[in-house]
Amino acid sequence: MESRLYRLRHSASHVMAQAVLEMFPEGKLAIGPAIEDGFYYDFDLPRTLNPDDLVAIERRMREIIAANYPFVRREVTPDEARRIFANQPYKLELIEGLVSGSLTEDGEVAGAGGEATVTLTTYRHDNFEDLCRGPHVESTGQINPDGIKLLRVAGAYWRGDERNPMLQRIYGTAWETAEELEAYLKRLAEAEKRDHRRLGTQLDLFSIHPDQLGGGLILWHPKGALIRHLVEDFCKREHLAHGYDLVYSPHIGRSALWETSGHLSYYRENMYAPMEIEGQQYYLKPMNCPFHILIYKSTLRSYRDLPLRFAEWGTVYRYERSGVLHGLLRVRGFTQDDAHHFCRPDQMPAEIDFVLNFSLYLLRSFGFDEFSAYLSTRPGERKAVGDVEQWRAAEQALEDALKRSGIPYEIDEGGGAFYGPKIDLKVKDAINREWQLTTIQFDFNLPERFDLTYMGEDGQPHRPYMVHRALLGSMERFFGILIEHYGGAFPVWLAPVQAVLIPIADRHRDYARQVVAQMKAAGLRAEVDEGSDRMANKIRKAQEQKIPYMLIVGDREVEAGTVAVRLRSGQDLGPKPLGALIAMMQEVIAAKATV
RNA sequence: GCCCUCGUAGCUCAGUGGGUAGAGCACAUUCUUGGUAAGAAUGGGGUCACCGGUUCAAGUCCGGUCGAGGGCUCCA
C-alpha cells in the first residue's frame, strides 16, 4: 500500500485538506486516506458543501500543486502533537488512540501496543501540517494537476459510527497522467451503462414502485421472469441430479417456531411486525431454516438416511433500513436458493467438498470463472455456541475443501457467526468487480435448539451436523449481478428473445411467421418484428434490446428458404438455410455460449 | 435511520432574474415497401411527486411530507 499511486493519492488528500481549511479556517479535520482509485478526506465544517465549492477547492489544489511545496516529515512526541493539533478535536482523539495503542493512523482499531514506544509523525507542506504516518510524494509538484478530480461530497460518520457526528466527506480521484484519469472516468461511465437499474428499464426486465408497492419489493416483468425461470430451472435440475430434495414451505410461521429457533431473540430487528391470526402471532419468515428443520424432525431419521439435503427457492422478507435499498442488489423481499444439509460427523468433510464444488460448477455455468473465498472462524469464547472440537473440525473441513478447490482464500480469524464457521465465495465480473455470492455456513445452534437427532448404528440418538448454504445467494441479487456482468447481453440460453425476424417488406411477413413457428417448434425463442419501421431501424431496435440473432428476410430469402443472419456483435453471417441456423443456435445454447 | 443532491410525458432530459408547459425516443394513424444501427407527416399523452406558504401571478421562491440517487452503517 505504499506504491507511488498510493503516495500520490494520499498527498492529494493533504493538498485538498489545505484548500478546504483555507476556505473554512475554523473547519475540523478528521481523516483522509488514499483508497482504491482515489482518496477522501472527512471534515467537520460550519456549512454544507455544494458542487461549486468542489470546483473552487479543485482550483485551489492546482495552485498548491503548482507552488511545488515539499512534504516535510517530522517525528513528534505525544505532547508536541497535542499542542500542534490543539484546535483539532478529531486529531486529538486520534492522538490519544495512538498513544494508548488502540488505534492506527487510519482510525482503525489495532492490537494493543506499549505507550512508551509510541512515535507520532506529521507531514507538512506549505503551512498545512497533518498527523500522518505517510509516506508522501516529495513535493506537491509531483502531483499531476491534470490527473486529479474531485468527484462528490457525501456524509460519513466519524469513525463510521452512527452515534457520532456526521462529517462531510469529499471523494476525489488522482492518477499519474491525464490519460489515466480519463480512462478511469471512462470506466465509471462504462459501469454506469451496465447499471442493472438502467438496463432493467431499457430491456423491460423488472420494475420497482416505491410509492405504490413499497421500496425493496421487485416486480419481475415477463422478460426478467423468463430469465429467472431459466436460471431456477437449470439450478433445480442440477440440484435434483446432485442428491438434493426439493421442499416448499410457507411464508409465515407461528411465534413459537421463531422463539425456538432463536430468531426472535437474535434476529428480531430484521423481522417485520407479527400478524395475529385467531389469537396467535405469526411472523413473515426472514429465513427458511426452521421450516426445513421441522421437515427433518417430522420422522425419526436413521444414520442410513444421511446426508439429507433439503433445497428450496424460499422467499424471505427482511427489514432493511430505507437508505440501504439498492435496485435488485439490496431488497426487502427476496428468494434465496437455500438448502440445508444434515449429515453425520464422518460425512462432513465430503459434504463440504461436494457443496463447494457444486457451487463452483453452477457459477461457472453462468459465466463466472474467477473466484476468491473467505473462511470465517470461531469468534471469541463468549459469543460462540457449540464445543471447540466441533468448531475445529468444521473449520478444518472448510479449509481442506478450499485447498482442494485451488481457490485463493483468506482467513477471517474470529469472523464467523456465533453459531458456526463459514465460507463466503466471491466472483469477479466482466469488468473486474467482486461480488459475494455463495455462502456455506455451519450451524451448531439450531440442531441443539430443535434437538435434532438421528439414530446411529449403535441404536443411540446422535446430533447431526447442519450446514446452511445459498449458492447464487438470492435470485434478485444474482439477477442484478448477472445483468451487470453481461451488460444486458445475455448468453443465448438466457436471452429472453433469442432471435428476431425482420421482414424487409410487408409481403415477407408470412414467411417470417413461418420461420418463427419452426423455430418455436425447435424450442427456440423467436418473434417477428411486425412494426412499420424500415429494416435498418428494426435492426437498431433489436440491437438496443441486445437480441443475439437478427434474421432478415426479403425476396431472396423467401425464394431460397433461408434467413440472412446478423449477430448482435455486428457480424453478418449471410444467408443460412433455416435448418442449419437452428442447429447452430442449439449448439450455442447447449454450450451456454454467447454470440 | 443519518448527511448531501435530486423529483417536469412511459423513457432520457430542456425549461432564462416568477408571467397560461417543451424536445428526442416510445406509442397511434397515414404515406412510404425500403437489404444490415434512426424514411416522412400528423396525432394522443403532464393536477411539473404531494401538502401548505409568499405573490396580482409559482414548474420556478420558502416550509413540510413522501420518494429516489450518491455516501455512512449494515448485509444475500
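Owing to the predicted nature of the structure, the values given are computational and were not obtained by experimental measurement. Below, read A as the first sequence line, B as the second, and so on, with proteins coming before strands; counting in each chain starts at 1.
- Residue A:Gly160 is classed as a sugar-phosphate contact, given heavy-atom separations below 4.0 Å to backbone atoms only.
- Pair assignment for B:C27: B:G43, on the basis of Watson-Crick or G-U wobble contacts that are both within less than 3.5 Å.
- Both cation-pi conditions hold for A:Arg169 and A:Tyr40: the charged atom is under 6.0 angstrom from the six-membered ring centre and inside a 45 degree cone around its axis.
- Among the atoms of the strands shown, only primed sugar atoms or phosphate atoms (P, OP1, OP2) are found under 4.0 Å from some heavy atom of A:Asp211.
- A:Lys538 comes within 4.0 angstrom of no nucleic acid atom, judged by non-hydrogen atoms across all strands.
- Nucleic acid contact for A:Ala536: sugar-phosphate only, since backbone atoms but no base atoms lie under 4.0 Å from a heavy atom of the residue.
- Judged purely by distance below 3.5 Å, without hydrogens or angles, the side chains of A:His292 and A:Ser249 never pair a donor atom with an acceptor atom.
- Taking atom CD1 of A:Ile35 as the reference point, atom P of B:C72 lies 9 Å away to the nearest angstrom.
- The residue A:Glu557 sits close to a base: some heavy atom pair falls under 4.0 Å.
- Rounded to an integer number of Å, the gap from A:Tyr511 OH to B:U33 C1' is 19 Å.
- Listed nucleotides B:G35, B:C72, B:A37 differ in distance to A:Arg556; the shortest reach to its side chain belongs to B:G35.
- Of all nucleotides listed (B:A37, B:G39, B:C11), B:C11 comes nearest to the side chain of A:Thr201.
- Comparing atom distances between the A:Lys541 side chain and each of B:U33, B:C27, B:A76 picks out B:C27 as nearest.
- In this structure, the nucleotide among B:C75, B:G35, B:C72 sitting nearest to the side chain of A:Arg330 is B:C75.
- A:Val316 comes within 4.0 angstrom of no nucleic acid atom, judged by non-hydrogen atoms across all strands.
- Here B:G39 presents its P atom at 11 Å from CD1 of A:Ile539, a figure rounded to the nearest Å.
- Between B:C72, B:U33, B:A38, one nucleotide has an atom nearer to the side chain of A:Arg507 than all others, and that is B:U33.
- For B:A76, the base has no donor-acceptor partner in the side chain of A:Arg477 [N/O atoms by modelled type, under 3.5 angstrom].
- Among the atoms of the strands shown, only primed sugar atoms or phosphate atoms (P, OP1, OP2) are found under 4.0 Å from some heavy atom of A:Arg169.
- Shown here, B:G52 forms a base pair with B:C62; the pair counts as Watson-Crick or G-U wobble because both key distances fall under 3.5 Å.
- Separating the CZ atom of A:Arg152 from the P atom of B:C3 is a distance of 19 Å, rounded to the nearest angstrom.
- In the set B:G1, B:G34, B:A76, B:G1 carries the atom at the smallest distance from any side-chain atom of A:Arg321.
- Nucleotide B:C11 holds its C1' atom 11 Å from the CG atom of A:Asp204, rounded to whole Å.
- B:G70 atom C1' lies 14 Å from atom CD of A:Gln168, rounded to whole Å.
- Among the atoms of the strands shown, base atoms are found under 4.0 Å from some heavy atom of A:Asp555.
- Residue A:Tyr171 is in sugar-phosphate contact alone, with no base atom involved, counting any heavy-atom pair closer than 4.0 Å across all strands shown.
- Residue A:Glu320 is in base contact, counting any heavy-atom pair closer than 4.0 Å across all strands shown.
- A:Ala564 comes within 4.0 angstrom of a nucleotide base, judged by non-hydrogen atoms across all strands.
- Backbone-only contact: A:His326 has heavy atoms under 4.0 Å from sugar-phosphate atoms and none from a base.
- As rounded to whole Å, 12 Å separates atom C1' of B:C75 from atom CD of A:Glu269.
- Between the base of B:G1 and the side chain of A:Tyr157 there is a donor-acceptor pair shorter than 3.5 Å.
- Salt bridge A:Glu527/A:Lys223: absent, no basic N to carboxylate O contact under 4.0 Å.
- By the criterion of a centre-to-centre distance under 5.5 Å and near-parallel planes under 30°, the ring of A:Phe334 forms a stack with the base of B:A76.
- Contact annotation for A:Arg197: backbone-only contact, meaning every heavy-atom pair under 4.0 Å involves sugar-phosphate atoms and none involves a base.
- Between A:His196 and A:Glu484, the side chains place a donor N or O and an acceptor N or O closer than 3.5 Å (distance only, hydrogens not considered).
- Look at CE on A:Met166: it is 14 Å from C1' on B:U5, rounded to the nearest Å.
- A salt bridge links A:Glu530 with A:Arg509; the closest basic N to acidic carboxylate O contact falls under 4.0 Å.
- Comment: A:Asp555 engages A:Arg507 in a salt bridge, judged by a side-chain N to carboxylate O separation of less than 4.0 angstrom.
- As judged by a 4.0 angstrom heavy-atom cut-off over every strand, A:Gln543 is placed among the base-contacting residues.
- Comparing atom distances between the A:Asn537 side chain and each of B:G35, B:U36, B:A38 picks out B:A38 as nearest.
- For B:G22, the paired base is B:C13 (Watson-Crick or G-U wobble, both distances below 3.5 Å).
- Look at B:G1: its Watson-Crick or wobble partner, with both distances under 3.5 angstrom, is B:C72.
- Nearer the 5' end of RNA chain B, as judged by each residue's closest nucleotide, is the contact made by A:Ser322, out of A:Ser322 and A:Gly473.
- A salt bridge links A:Arg194 to A:Glu190: one of the charged nitrogens lies within less than 4.0 Å of a carboxylate oxygen.
- A salt bridge is absent between A:Lys541 and A:Asp529: the closest approach of a Lys/Arg side-chain nitrogen to an acidic carboxylate oxygen does not fall below 4.0 angstrom.
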